[in-house]
Structure formats: C-alpha cells, structure tokens
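These notes concern the structure reproduced below.
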Amino acid sequence: MAVLRTEALERRFGGLVAVHDLTFELAENEILGIIGPNGAGKTTAINAISGLYMPTAGRIFLGEEDITYSPPHVRCHLGIGRTFQLVHPLVDLTARENIMVGALFGQHRSLRQARKTAEEIAAQLGLERIDRSVSDLTVLEIKKLEIGRALASDPKVLFLDEVMAGLNSDETKAALDAVRGIRDQGVAICVVEHVMSVIRDLTDRVIVLDGGTIIAEGPYSKVSADPRVIAAYLGEEE
Amino acid sequence: MTLFRTLRRWQLLLLLASLGVPIVLMLWKPYVLIEGLQRGGLYAVIALPMALILGVVGIINLAHGEFMMLGAYFAYWMGVYAGLDPLVAMIPAVVAFALLGAITYVLTIRRALKAPELNQLLLTFGMAMVGTEFANLMWTSQPLKPHLSYVYSSVALGKLRFGTYAFIYTAAAIVLLVLLQLFLRKTRLGRAALAVGQNPRGARLVGIDVNRTYLLIFSVSIALVGALGAMFLTRHSVFPSAGSPFTMKSFCLIAMAGIGNLPGVVWGGFGLGIAEALVSSFRGYGGWADVVFFAVLVAVIMGKSYRRQTA
Amino acid sequence: MRMTRYLPYVLGAALAALFPLFSGAYLEQVAVGMLIYLTLALSWDMLLRSGQLGFGTAGFFGLGSYAAILLFLNVGVHPFVSIAFGGVVAGVVALLVGLAVLRLRGMYFAITTLALAGIFAVVLRNFPGLTGGSEGRMLPNCIYAGNTTKIYWLVLALAVFTIVISEVFERTRIRLALTSIRNDERVAKSSGVNVFKYLVFVFAVTSAIQGLAGGTYAHVFGFVSPEGSFSANFLLLPLAMALLGGVHSTWGPVVGGLVLGALSEYLKLQIPYGHLLVYGAIIVVVTLFLPQGLMGTVRAWWRRSHVTRGAQ
Amino acid sequence: AEEGPIKLGAVLPLADITGAQGSKAMQLAVDEINAAGGVLGRQLELIIVDDESKAEKGAAAIDKLATVDNVDVFIGGMSSGVHLGELPALKKYERVTVWIGAASSLVEQAVVGLDWYFHIHPWDYLQGASYVEGWAALQAEYPLIKIHKAFWAYEEGAFGTSSYQGSLVAFSNWENVGESFKSALLGGGDYRAVLRHAQEFDPDLFIWVGYAADALPIMEQAAEIGFTPPLFVGSPPGWPADFGTSPLADGVIAYGMWAPSIKDVSPVSQHFWDAYIAKYNEQPATYFAPLGYTNIYVVAEAIARAGTLDKEALITALEATNYASPLGETLTFTPSNLIQHQGFRNQKILQWQNGAQQVLWPFEYATALPAYPFTGP
Amino acid sequence: MLAVAKLNHYYGKAHVLRDVSLDVGTESVGVFGPNGAGKTTLVHAIVGLVRPRSGDVTFDGRSLLRLPTHEVIRSGVALVPQERELFPYMSVRANLESGAAYIPGARKDLPAALQASFEMFPILKVRARQLAGTLSGGEQRMLAIARAMMSSPKLLILDEPSLGLQPSLVTELFHKVRNLGERSAILMAEQNVRQSLKAVGRGYVIENGQIALEGPSDELLRNDHVRRAYLGL
Ligand SMILES: Nc1ncnc2c1ncn2[C@@H]1O[C@H](COP(=O)(O)OP(=O)(O)OP(=O)(O)O)[C@@H](O)[C@H]1O
Ligand SMILES: Nc1ncnc2c1ncn2[C@@H]1O[C@H](COP(=O)(O)OP(=O)(O)OP(=O)(O)O)[C@@H](O)[C@H]1O
Ligand SMILES: [Mg+2]
Ligand SMILES: [Mg+2]
C-alpha cells in the first residue's frame, strides 16, 4: 500500500510551471530516487509535498489522508520529514538541540525524552560533537544534523534533498548505510541526488523529472539506459 | 488562472482609483490635492535618503531625523553668520554633512557592520540622543527660524488661492527620486550599492570595495538629509527634537513602499500626504489624520503581504 | 542538588525583596522606575527571541494603563484587579491584532506594530468622554498612597513575574520553538513547529506583560494621558536596555535595564545640564566596544576562560 | 537641625528652556538673597533635580529631595503630566510645596484640601476667565474692537486641549469654533486646513494655542492663504527667538504672563532683567525665568515672616504673601475653584509691535496702545 | 603564478590550516580532502576573506595577504564560492554582469562574456530575468560559476563547483576546466575526486589542515590512500 501518493500535482511561479501533472506513489519501506536536470522541479515538488509551497493544483495523500491543504507543521506531525537542499541549520542552537526540535515539535515529546531521542539519533548517524554550537560543525556534520532533525520527528516518509552532495566516497558509503538503516526502521524514503552512484546503490526505483513532469520511471538500471534520460540529464560519460 | 485574472482586475481598479481620486479631488477640494502633494513631498523627500541606506544597503539609521535637524541648524547659522539663504546654504550643507557622514561612518557605523544587525539600532539611537542633546546644549530648546518672504508666496486662480512655495518639496522629492534611480540603475557605483546591500561577501567577490561603498552611500545619505534640513528650515522651525518624528515617518514610508522600492516611497508619501490633507479638510476631524496615516500604512503593508502570499 | 541550583536565584530575589531595608524612599523610587523599564525591556526581548522586532511596546503599555485606570475609575475594583485587567486587555488586543499582523516579518512587522501603537493613542484621545481626551484621567488616590516601599514590592513582583515567565520561556520547549523560528522559519515549520501559533502566543504574552506594566505604572503615578502613557520612551529606552544588556536571554535585558537605569539617574545628578549627551555617548561607545552586549560579553569571557580550563 | 543652610528643593525639566532658564533664575534669586545675608541668618541652598519631563523621574526627584537632601520646601515644576506623577510622593511628605508650573485643572483636582500646597501658575480655566475680562476691558476701552466670533486652533495634545476647554466655558458669550492641529513640536507643522476653516468662519478673533515651534510657520501659512483676521492671537508658552524680527509678527496678539517690556513699568521686572543678563549673559526668553525668580522670593520672604521653618507657621506666612513680582502684578494667595492657595490668576494680553511684546492689558502695566486691526504682511 | 607558503589559520583555538604550502602555475590544480579538512578555509585565505595567522600568499610575485578581497579579485583572481554568494534580489543577468563590471579590463568584454556564459549554461539564458534567489540549487551553482568566469580571470578558484549540478553538466564543467587550464591557472577544491582528477594536472590532498599528499594527477590516481579514501576502490 502506498504511504504517500500525489495526483496531478502542479506548482506554478507566475508563468513558470515548475511542477506539472506529477503523479507518483511511494510504497512502504521503499527508497525512491528522484533525479532530473537542474531546475526540473525536484525541490519544488518536495516543497509542495511538505507544505512550504501550496500546490496550485492536484492532490497529495499521506496514507488515506488528504493533506493537500494542510500547513507544513501538520504534515510534519502526520509523518512527513524532510531535509533542505541549501542547508540552514539553526545556528543559535547546539547540534543536540537542532535534533531535539524535530522530536519536540514533530512528535511532541517531553524535553527529557527529546534529549534522549536526539542522543540516540546522533549516535545512529555517527554525529559525535553533539553539544557543540553549529558554527563549529563541518558540512558533513551539518548534513547529519539535517537528517537527524527530520528523523527525530519520527516520519513515515522522509525526503532527502541532495544530502549526499559534497561527501567523499568514504563518507558517502557511511551515509548510504545510515539511510538504509532508516529505511529498516520502516520509513519510506525519497532521495534527490545528482550523484549517480548513490542513486544506483540506494534506490529501489527511480523517477526522472524534466520540466516538472515524469519522463521516465523504473529501476535505476532501466532509466539510466533510457536515451531521453541520457540526453536530458546524464550526458555521455567519456 | 482565476487568481491571475482577479489580480489583473484588482490592478486595474487600483489604476483607475489612482487616476480617479485626484480628478475627483481636484474638482471637489482642490486644496486637498495641492496641500497633500506638498505635505507628502516633504515626507517623501526626507524619507528618500533613509530609503537609500536602509532599503539599499541595509543600515538602520535611527539618527536620520537628527541629522536633518542638525542640517537645519547649520543652515540657520549660515544665515546668521554668512547671510546665506537656507536654499543657498544647501550647497555648503551638502559638503559639510558629507564630511560629517563620512566621519560618523568611519568612527562608528563601520565597526557596527560586523556586529549583529540590531546593534545598529542601539548605536544610532545613542547617536540620535547625542545629536539632540548637543543641539540642546548649543542652542537651547527654543525654536529658531529665519524670516523668508518667498515661502508664503501664493497664486490665486479665481476663488482658489494656494501657496506655491511648498511645491518645492514635491519637486525635490521627484528630482531626488529620479537622480537616485539613475544613480542606482545606471551607474556602476549605484549597482555596487545594490549588490553590497544584498550580499556584502558576494560583492567583495566580484571586486566591489564594500567598505568604500558603505562609506559613500552613508555620506551621500547624510549629505542629502543635511541639505534637506536646510530646505526644511525654510518653512519650519528648528529645535533639538525637530528631527525625531521624521525618523519614524520615514521608517513608515519605507515599510509601506517595501524595502528597496524608492519610487514607492515617493508615491506613498504623496498618498499619505493627500490622505491626511483629506481628513483634515473636514472641520473637526484633524485629530484623526494620524489614524488615517497609520491605517493606510497598515492596510498597505498587510495588503502587500497578502498579495505576496497568494501570488 | 535541585536546591543548590536555585539557591542563587532565591538569594537574589530575597536580596531584591529586602532592598527597602537598606535603601531609602529615593532609591526605592528610582528602583521602581528601573524595574518598570526592565520589565518592558525583558518583554520586548521575549518577542525578539522569535525573530520578531516589536515596536508596539509603548502601545501595549499605554493600552494597559488606560484599561486599568478606566476600569478602576468606572467600576471601582481593587487596583490589583484593574492592573490585571490592563494586562488582559493588552494581551487580548495583541492576540486579535496578532492574528492579522503576525503574517508580517522584519521591518514590516516592526512598523505595523508601531503604527498600531499610534492608532491606540489617537483613538483613545478622540473619545474624551470616556478617556479624558488629550488631558487624560487622573486617580484621586494612587495605589498605597505613595508608600514607596509597598510600591517597590509591587513593581518588584511584576519584574520577578516577568523574569519567571522569561525563564519558563528559556527552559521549556518554547525556547527551541522560538529560536528555530528566528533562525529559519522554513526549517521550524517543516520540523513540526506551529510557527503562527507560537508567534501569536508570545506576542500576546509579552503584550500582556507590557499591559501589566502600564497598569502598574498608571496606578503608581496616578494618571493616564495620551502623551504620557504612550510616550516613545516606553519603546526606545527598553529597547536600548535590552540591546545593551544583550538580547535573546533573560539576564541581558535585566542587566541592561539595571545598568542603564542606574546610569541615567547617576549621570543626571552628576551633570544636571547635558547628562543625556553623556548617556547617549556611553551607549554609542558600549555598542562599539561590546557588540554582544554586557551579558554576551560576560558570557563569552566566561566561556573562554572555561574552555581554556577545560583544555588544560 | 537649626544649623546650616535652609534647603529648597526644585524639580524642573533642565533640558527644556523653561526648566533651564527657570532654574537659572532661581539660582539668581538665591544668590541675591544670600548676598543680602540670607534668611533668618541662614543661607539658602538650592538643590535642583532634573525631571527629564518624565513622571517617574519627577517622583524619584521628590523622594531624593525629601529623604536624601531633606529639603525644607519643594519648589519648581513645569509640565502637568510630570507633576501628576510627582503628587503621590509630595503627598507622602506633606512638606510645604510652592509650585510654579502645572496649569491643568486635573492637577487642581488632585491637590484639593492640601493646606501645604501653594500653586502660583494660573489654572487653565483661570487663564480663560482672565482673558474674558481682558477682552471685555479692551472692547470697552477701544470701541473699534468688536468680538462676536472666535476661532480656536489648538494643538491636539494636553496643553492645547486643556487651554481650549478651559477657555470655552469662560467665553460663552462669543460664538466659538475650535479645531485641533498637530504641533510642529510633535511632528506636525501644516496648519493650512485649520487656517482655511478659520478663514471660512471669518472670525473677529483667531487664536492658536500651540508651541513656540508653531509660531512662525502659522503666520507664514496664514499669509500664504491670505488669512488676516482682525485679531490674530497666539498663545504659546514661549515664543521663538526670531519672532519679533519677522515682518509677519507685527500686530500679532500674544497671551502670556510676562513680556520683557514689563520692565518698563515694573522696577522689580527691570531689576530681574538686568540681573539675569548680568549673571548669565543671555536674555530671559520664557516667563518661567521670572516665575522661578518669584518662586524663590515668595518662599524666602515667607520664611522670614514666619521666623521659623515650622510648617504651620510657614503656611500662615505664605498665606500672607504679598510679593511684587517681576511678572508685573503682586502675588497673593487666594482660593481658586477647588484649592485654597492659588497665586496668579491673571494673564496678560500682549501685542507684538516693532519686534517686541508690548502689554495691552491689564491697563496698569500697559506699555502700548493696541494696533487694530491686524493686517498681515 | 600563485604560491601559498606555510599558511596557518585558527578558528578560535582550532588549528584548521597547518603550514599549508602549494603552487599553481598555468595549469589546473586540484585540492582534495574530507569534509572539514580546511579546503574552504584555504581558498578564503587566498582571496582575503579570512586573515591567516602566518604564512604568505603571492600571486604574480605580489603578496595578496595584506590586500582586501576586492583588490585580490581585481588583480585577476576569481572565486566560485562554495556558498555561491549570489545577489538574491538581482536578476540572473545582473548577477552575471556584476561579475565583470568591477574588474578593470573585463568591462569591455562584457557582452562576449555574457554570451559565453549563456552558451555554457543555456538554462541561465532562459532564466535571465528571474531573480537569482528563486533559482534552483543547481541553477544557482551554474550562475556562481558563470559569474566568476565573466571576468576572464588569470586565476580561477573553484570551491566544490560540481555540488548540485546534474551529471551531464559536471562532465562538461570538468571538461571546461581542463580546457581552461591550458590558458589560465585554476585551483579547484572538489569532492568528486574521480572525475576531477581527470580534469586537473596536479593535485593536493589536505587532511586535518595539512597537506598529506601532492603530485601529478595520474600519480595520485594510483596512490593507495587516494584510491581507498577518495575513490572508494
Ligand atoms: N567560521 C568558522 N568558525 C569556526 N570554525 C570553522 C569556521 N569555518 C570553518 N570552521 C571549521 O574549520 C574546519 C575547516 O573548515 P573548511 O570549511 O575550511 O573545510 P573544508 O575542507 O572546506 O570542508 P567542506 O568539505 O566541509 O567544505 C572545519 O572543522 C570547520 O568546522
Ligand atoms: N520562487 C520561485 N519563483 C520563480 N521560479 C522559481 C521559484 N522557485 C523555483 N523556481 C524555478 O522553478 C524551477 C524548479 O526549481 P527546483 O528548485 O524545484 O529545481 P530542482 O529540480 O530542485 O533543481 P536542482 O537540481 O538544481 O536543485 C527552477 O527553474 C526554478 O528557477
Ligand atoms: Mg533542488
Ligand atoms: Mg569547503
């Protein structure tokens, strides 16, 4: 059964249709990859699903519930977690508190529980410097923080928008394991990445967006061979 | 789609209103239009230099009005000692206040730019206090104003008799707007100012001397407001707290126009001036003019935010 | 363990409560003024912790003053009840207004709250029958008949109440909510923070505190008037105190309020003519040399010495 | 405690010219009295505390003067708003208080029944009544002057409104129209709407109640729309420095308690004028200067009369005050509507003529004949 | 052309650059290293955005260390910052123009440079009138790269330029870097070690703020440590 489903989702900015007629499903325990050229509408789709932008048309269902017009915090309560492509950690909080925000408000834990949750999640993600101020953290740690905060709200669906960009191969490997670990907890995951090795190794299924619509769908091996995808997105590797 | 269409209709209505209201007023209460434009011109012209440094480069200057007040005193004493008419004194005022602005910038603002943004509030609040008290100690709180016979010149058109001089504020607002727009749009320095205001680090990385740009814009703003103080003095008295209401008025206008929108400041000034003049034109309702000022302000700000959210 | 943690606070509060024992009426009266401003400074800061720059402090202060005095004069309730009423009115008005204006951010919010304060004052002035118009209304007898010690305790209670609320804000989830909103609203929303609810909540609470302060002030000094009760002083001075002390904390505005309050009184006695010049100059210099505010500087220094010791 | 100086505690807004000059004039009087041997063989000591025009600062000032300095008498005062905040403190100490400011009748209501409270400045309604008297006298004396219709332009704050409302009752035999404007002191400065309404009303007498900052701009804007009522009256608490030099000023009627020209008819005033200029090298520009001077002399003479600082004796001695003041008239304390100890009740009707304020009424102090009607530039 | 000598930098007490030295001639040089190694700090030190505690940076024989950033840029250095640093409320076109407008000598070639940018990233031409702040992540990256190239710098520094770019553009970018490297100097910090090693002639590996390895790219490609830690082999 689908955890998340969109029907003909659309989002415009003035005359520009950033997401157009987007219909897809996310199954339980699935890791779905969304790829597509820059400006294809991937981030916009995540924003529309997580509620930061109201869709201009279409519907979104989380399980049975229609969340098309719910405000973002309600969607978070209902089980949508996400990270941000351009990370903006909460700089006046420590790393631990950053994660606690998700636990406190996403799931309405008590402070004490939230603190514990934050510790567990940090341990799970290998985030060590948990009581440091965010300004001392490296990009890698900040990305872990992003995931941790989303995870702390105990989502049913987790959107990861280019969290692995900028990691080297060692770090990527660790991140892949972490994401799989999250999936194993029963979270359906949707990853947006431009690093094909990640998509290849991680995803069960891939959707390719271009110009706001799906141009291809299927396992990575299949879509990566699709000439349209190669032309629009992958290019010829020399 | 429907949204798009209603927006259009909405804009059309606005356009009609902005043309229709003046025409109706012109026929019904010509004074309102004339005096509203004059009064609004004063608001607008004094807000423009603040819009330049607040809206463009993002420095909040709570001492704005105090610089204007000092400019007015400067012009007054130029009149006493050098026999200069305040309008002529605008020229030395520009020079003197550019210098004053530069010194102020180097000694204070420059250091505060690295600090949290709100510190500028405190810093310029302290500066405003120093300015007011300095004037108070130097010249007491007794108002000063030179006599200038041209400021009450008027023309009579049939039964309609109105003052002509105060259009100088209207004209100054428009001229200053045009000059500033040209400066910001057409000159490299102006564009650099915009860039600095949006992202100082980015500006450095394209080769802009950020510090010099700040210095320049701050001095220009102070020079302008100093000279406008001289112009203010032609029709108003100067006293130590003469400037502070204009700081707040200017803030209001800039917020109403939207940050960085200089034409909006001028049109907003005119609009508020006319609205105030309209309310005061009903005998006994002058006390509500402030409410109208604030209500229009709030309505515009709210309306814009609403449009931003739906668009 | 718990006991010792709160010991400094209890001691501080006791010391403040016993202040009248070793001060005279004069210092009490000065303290009354300082504590009122301190309350305003702290409440202003509490809203600022959500990233919202409020310029409505004087407006809600004045609103609370009027509500308290008018209820007291027309209905004849106990002064405490009327002060509470002042707080409630300010809070409720803030709640209603907040539902609309809290969609605004940054300078737009600041100016709109400033405009609202202006509207309150003008509207009250234009209903002379009820409000006494421009002249305002006067109390035949002030609270405690001017007994400064009792007044001091009353105002101290107000300040302590505000400090406690502020600490509640600091020690519960509220701090994380407000900080996340201030740092990145999108992140806050997507992490489940009901941003609007929290903003309305703090706006109403802080405005209610300002209303309480206004009601108290009006009862202590025995009058309300548009010029007196809505004076820009009740906006600008608290703002300066909070900023000078250091924002986003309880103790910054408290220290700022005490320091600036004491400084202004001291300078006034030392330099009868022109003390405001020196006062302003000190504000400028402190801003330049202690950009983090007094408490921020102390905290940074503390952290530095702490970290050094930790490293050794 | 019979040793050391007699302490007078004054509270004034020192950043304002009224408080600044008032306090200087007080010091002048104290120095004069001390130079002449003091009072009861003791020197006077004047302790001035700034109220910063804030109620809470004023109240703290009273407490300081009472408890730290332990003053014998409270003097001073300017704004009514600040004074309302000071009253609780004053009532607590119940020391003899001789106040020169605070004209609002709201204050009068607050000091009902206080036998130690002496108020020198006329209440707002007293001022109104005195102008009624003045205009009646002027109309009787100069039949050319006829007033049936009056237009009141008053600043919208407490000062303008209370003056207007205080006068309205008094002038019930005129047809009055009032309208408020925003004073330049508070960010206003455009009077044309009000002036046009006045022009339409075509009054015999036009009066504006505002501040010094409004004075010249109002004249200019009236000239701009060609508004020249036969009587153009201004009633600010002080005039701007250059008002007299403006050609627009000529013929403008001023309400006030004092004008420099009073020195021509009053030796006390002349003495005060000369002494003030000699000491401070500036001219007294507000009537708070002679008021401050008066404040000291009234208190000092009363102490001398009482022969003691005993409160009851001092009150009795103050009640017997009969001081020829630099403001022209002789000051005595008589009951007003609500209180027992009201000092001045009269204002003067002055007129700007050739750059100076001349007294038109009361006729005892008249320094010039009225110029009528006002013709504008 | 560019010589960095014994650079040391601290954030508070953290020693993030330790005696870092490197050279860039007319060639492309890569800087690799894990997150937090100090790559960004190094390039910031070169352009004067941070002031190192000791060491020296010389460019064309002139020390850059005392120069303010804008002078460094005007002397012919351009940086594609990791954080993009665009002007969010300016149009794409105005952002591009700003890349050349303040560099003496680059101004007259502005139209041609603009043309070249649009050729390199055609989407920017489509978005020319859109505000930079509303661009997608990848589009912003393109704009940052294009803006830096607008001035035809003598030395181009790229801090993780491939971040967020679609694969085809990454390939193109590295291709471009290789071509450009034949004419002007390039210093590129990258995580995508595999592809970028093909684009640069030489490389440095920074770890914990120190140069751990350096050498020609083919040598690095063969190095065990590099293969294990950065190529995932
Ligand atoms: N402003 C700062 N204040 C304190 N520490 C900082 C600051 N900037 C960076 N650091 C720290 O300095 C170290 C080096 O950071 P730098 O950004 O130079 O690394 P990097 O190699 O560019 O890494 P990345 O791949 O994450 O971009 C990191 O540990 C980081 O946490
Ligand atoms: N607020 C906005 N106003 C106008 N256009 C916008 C806005 N936000 C996004 N766009 C445009 O919508 C398109 C889709 O953007 P989006 O961020 O969804 O792309 P993306 O697929 O995430 O790309 P990338 O891989 O580069 O992150 C882009 O072309 C972008 O310029
Ligand atoms: Mg994206
Ligand atoms: Mg980096």
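In what follows, every chain begins at residue 1, and chains take the letters A, B, ... in the order their sequences are listed.
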Original post:
Does any heavy atom of chain E fall under 4.5 Å from the side chain of Ala232(A), the backbone, both, or neither of them?
Top reply: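 It is the backbone, since no side chain atom gets that close.
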
Original post:
So which part of Leu16(A) gets closer than 4.5 Å to some heavy atom of chain E, the side chain, the backbone, both or neither?
Top reply: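 For Leu16(A), the contact with chain E is made by the side chain alone.
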
**OP:** Verify side-chain contact (heavy atoms from CB on, under 4.5 Å) between Val170(E) and Met196(A), making sure each step is shown before the conclusion.
**Re:** CA-CA 12 Å; Val170(E) 174; Met196(A) 284 308 108; over 6 Å; no

Original post:
With chain E, which of Asp136(A), Val139(A), Val192(A) has the greatest number of heavy-atom pairs at distances under 4.5 Å?
Top reply: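 The option with the most such pairs is Val139(A).
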
Subject >> Contact leader toward chain E among Leu140(A), Ile35(A), Thr44(A), where contacts are heavy-atom pairs under 4.5 Å >> reply: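 So the answer, after comparing Leu140(A), Ile35(A), Thr44(A), is Leu140(A).
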
[X] versus chain A, the contacting section by heavy-atom distance below 4.5 Å:
X         : result
Glu172(E) : neither
Arg127(E) : side chain
Tyr11(E)  : neither
Glu83(E)  : neither
Leu165(E) : both
Glu139(E) : both

With a sphere of 6.0 Å drawn around [atom1] of [X], does it hold more than 12 non-hydrogen atoms of other residues, nucleotides or ligands?
X         : atom1 : value
Tyr220(A) : OH    : yes
Arg129(E) : CZ    : no
Arg93(E)  : CZ    : no
His20(A)  : NE2   : no

Would you check if the side chain of [X] reaches a backbone N or O of [Y] as a donor-acceptor pair within less than 3.5 Å?
X         : Y         : answer
Ser169(A) : Ala229(E) : yes
Thr138(A) : Gly36(E)  : no
Asn38(A)  : Gln166(E) : yes
Glu171(A) : Asn35(E)  : yes

How long is the gap from [atom1] on [X] to [atom2] on [Y], to the nearest 0.5 Å?
X         : Y         : atom1 : atom2 : value
Leu86(A)  : Arg141(E) : CG    : CZ    : 8.5 Å
Gln85(A)  : Gln140(E) : CD    : CD    : 8.5 Å
Leu169(E) : Tyr233(A) : CG    : OH    : 10.0 Å

Subject >> Partner set under side-chain hydrogen bond (donor to acceptor under 3.5 Å, both in side chains) for Arg53(E), not counting sequence neighbours >> reply: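 Testing Arg53(E) for side-chain hydrogen bond (donor to acceptor under 3.5 Å, both in side chains), a comparison that skips the adjacent residues, returns none.
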
Subject >> Options Gly164(E), Ser136(E), Pro34(E), ranked by heavy-atom pairs under 4.5 Å with chain A, top entry >> reply: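 Max contact count across the listed options: Gly164(E).
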
**OP:** Would you check if Ser168(E) and Leu234(A) make a side-chain contact, meaning some heavy-atom pair closer than 4.5 Å?
**Re:** no

Original post:
Does the side-chain contact (heavy atoms from CB on, under 4.5 Å) test come out yes or no for Leu163(E) and His194(A), once each step is laid out?
Top reply: CA-CA 8 Å; Leu163(E) 215 64; His194(A) 289 300; over 6 Å; no

Original post:
Is there any residue in residues 203-224 of chain E with a non-hydrogen atom under 4.5 Å from a non-hydrogen atom of chain A, and which ones are they?
Top reply: none

